[in-house]
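Below is one structure, written out as structure tokens; the observations come after it.
Whatever order the structure lists them in is the order used to number ligands and atoms, beginning at 1. What you see is a predicted model; the values in this text were computed from it and never measured.
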Amino acid sequence: MTPRIIDQELEGAELGIAVVAARFNSYMTDQMLEIALKRLSSLGVPDENIIVARTAGSFELSLTARRLAERGDVDAVICIGVVIRGDTDHYEHIARAATDGIARAGDDSGKPIIFGVLTTDDTDQAISRITQANDYADTAVEMANTFRQIHNLR
Ligand code: RBF
């Protein structure tokens with residue numbers, strides 16, 4: 001007997017991906033959204049297989065992701081937001097609500113919900129992490145393919 005291996009697969013041609021991005025701190029989240037979309041495209045995800053939704057803030061991401069994940073044509077959802085400690089009295093609450101909510105949306109929906117919320121002490125830290133959005137797209141495609149491989153394993 002040889003083990004059945006699930007390989008990392010970064011091919012997006014057959015996948016449906018949703019991206020939900022908060023408008024709060026939009027000068028950063030807009031760039032993150034653009035980077036993620038560009039990366040999804042370079043991984044072969046067809047434009048018509050991508051859904052983009054916007055929310056007011058990071059607090060609304062998890063509920064929106066959950067609703068998107070209910071769609072049969074969505075294999076994974078990427079959540080994008082920025083919560084900065086220095087700007088926000090409610091930092092702890094918003095950051096925790098977003099983090100816990102996104103984790104729970106993944107657990108409850110059974111689909112990959114990618115955590116792309118930057119929680120930083122200041123704006124400079126957040127700006128330096130904007131390009132992480134490339135990794136969110138990679139992770140969405142990898143996870144969607146992993147789940148397909150698990151489903152199709154014989
Ligand atoms: N949303 C974010 O995405 N990032 C933030 O840093 C942020 N800070 C907030 C600070 C306060 C005091 C409030 C009331 C809201 C903030 N929001 C933030 C918006 C929040 O995620 C949500 O959209 C609104 O509270 C409406 O439910």
The one among Met28, His93, Glu60, Arg23 that brings a heavy atom closest to atom 27 (O) of ligand 1 = Glu60

State whether Arg54 and Asp30 are salt-bridged, where the test is any N-O pair (Lys NZ or Arg NE/NH1/NH2 against Asp/Glu carboxylate O) under 4.0 Å.
-> yes

When you measure from atom 16 (C) of ligand 1 to each heavy atom in Val82, Asn25, Val83, Ile94, which option holds the nearest one?
-> Ile94

For Ala56, atoms of ligand 1 separated by under 4.0 Å from a heavy atom | 23 (O)

Does Asp75 come within less than 4.0 Å of Lys111, counting only side-chain N to carboxylate O?
-> no

When you check the gap from the basic side-chain N to the acidic O, do Arg85 and Asp122 get nearer than 4.0 Å?
-> no

Atom indices of ligand 1, in the order listed, that fall short of 4.0 Å to a heavy atom of His90 = 12 (C)

For Ile84, the ligand 1 atoms with a heavy-atom partner under 4.0 Å come out as 6 (O)

Hey, is the main chain of Ala105 close enough, under 3.5 Å, to the side chain of Asp108 for a donor-acceptor pair?
-> no

With only distance considered, is Phe59 within less than 3.5 Å of ligand 1 through an N or O on each side?
-> yes

Is Arg148 paired with Glu14 through a side-chain N to carboxylate O contact shorter than 4.0 Å?
-> no

